[in-house]
Amino acid sequence: VVDKNGNLKYLVTQTDVEKSSQYPFATKDEKNRLRVLFAVETWPDRAFERLEKGFAAGADGVIIDTSQGFTKYENEMIAHIRKNHPEKLLIGGNISTREAIRFLEEKVDAYRCGQGSGSICTTAGAIGISRAGATAVYECAKESKNLVTIADGGLREVGDVVKALSIGADCIMLGNMLASTEEGPGEVTIGKRGGPVKIYRGMGSKEANVGGKMRGYSRLPQGISGEIEYKGSLHAWIPLIRDGVYSAFEVLNCKNLDELHHRTYTGKIKYEVATPGSLKEKGVHDVMM
């Protein structure tokens with residue numbers, strides 16, 4: 001594309017056209033570029049340099065990556081980012097209580113909700129601190145006035161995604177569900193049962209080399225590494241997840257996420273305690289496999 005003087009203004013390739021057609025739901029900015037976020041810890045000597053390099057490279061926002069976001073360290077990091085990069089998207093967390101929501105309100109744009117519920121997290125047993133994932137999302141989302149709630153941890157299948165959204169989450173983290181895709185980190189290997197797998201490392205595991213003695217943390221691991229079944233390409237897996245969510249919304253008679261939240265908070269969509277018999281009934285039963 002050239003201007004009236006014949007000077008080159010834009011260059012559009014066939015690949016650009018094909019990708020726009022193939023991936024219509026891709027999250028892009030006003031310049032049609034994929035939006036990118038990156039993570040920083042709460043240690044200034046590491047985070048400050050990464051912040052400058054990340055935003056200099058064009059990132060749209062940053063996630064403060066810590067297992068406990070209700071601390072003075074997160075507060076100090078938020079203040080630094082807001083002072084130096086006020087226009088950037090800022091995601092806080094992780095948290096799981098109403099008190100923590102009030103702490104983050106008006107300071108960040110969104111937060112990750114979930115502590116101790118991830119499939120590779122052992123925090124609950126290691127130090128005795130965690131909260132049920134569904135309870136955390138419900139309590140935090142109900143308390144929050146302006147923040148976007150991101151459910152993080154314990155999502156194993158599409159039904160879990162639907163449940164998280166229905167009790168107040170605006171979006172979800174797909175750790176376990178995406179870690180074993182072709183695009184995920186690590187090589188595909190043959191697992192202990194003879195099938196293709198990838199290794200999924202918890203950030204609190206020894207293998208991830210996390211947990212020095214800074215700020216009172218011990219070297220006691222708060223996560224594990226393990227094999228998860230290889231799922232193939234992200235491009236085949238994500239549409240299946242999306243279609244499952246669409247189907248759930250149709251069955252629940254909800255047009256969008258706002259209506260889903262409203263129906264939950266007004267009691268039109270209800271949860272109930274499941275008995276052992278109903279739990280068996282919900283799964284595959286009485287057939288030979």
Side-chain angles (χ1 to χ4, degrees), residues 10-40 50-65 69 78 81-82 85-94 104 107-114 118 137 140-141 144 146-153 155 157-158 160-185 231-250 254-261:
Y10 306 101
L11 183 64
V12 181
T13 67
Q14 182 65 29
T15 302
D16 294 328
V17 176
E18 291 175 353
K19 284 186 176 180
S20 293
S21 175
Q22 190 174 1
Y23 307 116
F25 299 114
T27 304
K28 299 181 180 180
D29 63 16
E30 64 280 358
K31 295 182 180 179
N32 209 35
R33 302 174 301 184
L34 286 175
R35 290 194 176 276
V36 175
L37 303 179
F38 67 103
V40 296
R50 182 178 293 181
L51 280 167
E52 297 312 313
K53 289 183 176 180
F55 289 135
D60 298 281
V62 64
I63 300 169
I64 300 178
D65 189 15
I78 290 172
I81 296 170
R82 283 301 191 205
H85 305 281
E87 77 287 358
K88 297 296 185 178
L89 177 67
L90 177 55
I91 298 177
N94 279 44
L104 290 179
K107 296 179 182 178
V108 297
D109 302 297
Y111 67 98
R112 295 195 298 177
C113 185
V137 171
C140 289
S144 175
N146 302 302
L147 301 183
V148 172
T149 301
I150 306 171
D152 182 13
L155 304 173
E157 53 189 357
V158 178
D160 297 324
V161 173
V162 175
K163 292 171 187 175
L165 294 174
S166 71
I167 57 179
D170 298 290
C171 51
I172 43 88
M173 297 280 289
L174 296 178
N176 184 298
M177 293 177 72
L178 299 187
S180 60
T181 59
E182 178 65 30
E183 294 78 7
K231 292 188 177 73
S233 175
L234 201 71
H235 299 299
W237 183 220
I238 286 293
L240 293 176
I241 298 174
R242 179 197 65 205
D243 290 349
V245 173
Y246 284 173
S247 295
F249 270 62
E250 181 179 0
C254 292
K255 294 181 291 185
N256 52 47
L257 192 57
D258 288 339
E259 184 174 350
L260 180 64
H261 290 167

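In what follows, every heavy atom counts, from backbone to side chain, and hydrogens, waters and symmetry copies are set aside. Just so we're clear, the structure is a prediction, and the values are computed from it rather than from any experiment.
Looking at L90 and V62, their side chains come closer than 4.5 Å, going by heavy atoms from C-beta outward. Between I167 and K163 there is no side-chain heavy-atom pair separated by less than 4.5 Å. Side-chain atoms of N32 and S20, non-hydrogen and from C-beta on, do get closer than 4.5 Å to each other. When side chains are defined from C-beta on, L165 does not count as touching V162, because their heavy atoms never get closer than 4.5 Å.
Separation of atoms SG (C140) and OH (Y111) is listed at 4.5 Å; rounding is to 0.5 Å. Atom CD of Q22 sits about 10.5 Å away from atom OG1 of T15, to the nearest 0.5 Å. Atom CZ of F55 and atom CZ of R50 lie 12.0 Å apart (nearest 0.5 Å). Note that CG of D160 is 10.0 Å distant from CD1 of I172, once rounded to the nearest 0.5 Å.
In terms of the side-chain hydrogen bond (donor to acceptor under 3.5 Å, both in side chains) criterion, residue partners of H85 (sequence neighbours excluded) are, by chain and number, E52. Applying the salt bridge (charged side-chain N to carboxylate O under 4.0 Å, His left out) rule to D60 yields the partners R35; only residues at least two apart in sequence or on another chain are considered. The side-chain hydrogen bond (donor to acceptor under 3.5 Å, both in side chains) test applied to K19 returns no partner, not counting sequence neighbours. Under the side-chain hydrogen bond (donor to acceptor under 3.5 Å, both in side chains) criterion, E183 pairs with S233, sequence neighbours left out. Remark: D16 engages T13 in a side-chain hydrogen bond (donor to acceptor under 3.5 Å, both in side chains) (not counting sequence neighbours).
Nearest heavy-atom pair, C113 versus T149, reported as atom, atom and distance to 0.1 Å: CB-CG2, 4.2 Å. The shortest non-hydrogen separation linking A164 to L155 is CB-CD2, 4.1 Å. K231 and T181 get closest at one heavy-atom pair: CB-CG2, 4.4 Å. Closest of all the heavy-atom pairs between K255 and E259 is N-OE1, 3.1 Å. Nearest heavy-atom pair across L34 and A26 is CD2-CB, 3.9 Å. In this structure, G168 and V137 approach most closely via the heavy-atom pair C-CG1, 4.3 Å.
A donor-acceptor pair is defined here as one N or O able to donate and one able to accept, closer than 3.5 Å; such a pair exists between the side chain of K88 and the backbone of A59. Judged purely by atom type and a 3.5 angstrom limit, N94 uses its side chain to pair as donor or acceptor with the backbone of G114.
No option in V108, D109, I150, I64 other than I150 meets the side chain to side chain contact (heavy atoms under 4.5 Å, CB included) test with I91. With F38 as the fixed residue, the side chain to side chain contact (heavy atoms under 4.5 Å, CB included) test singles out one of D65, I63, L51: L51.
The 12-atom threshold is not exceeded at CD of E250, counting heavy atoms of other residues, nucleotides or ligands nearer than 6.0 Å. Within 6.0 Å of the NZ atom in K53, the count of heavy atoms belonging to other residues, nucleotides or ligands does not exceed 12.
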Could you list the donor-acceptor pairs under 3.5 angstrom formed by side chains in residues 237-245, with sequence neighbours left out?
| unit_1 | atom_1 | unit_2 | atom_2 | d |
| --- | --- | --- | --- | --- |
| W237 | NE1 | M177 | O | 2.6 |

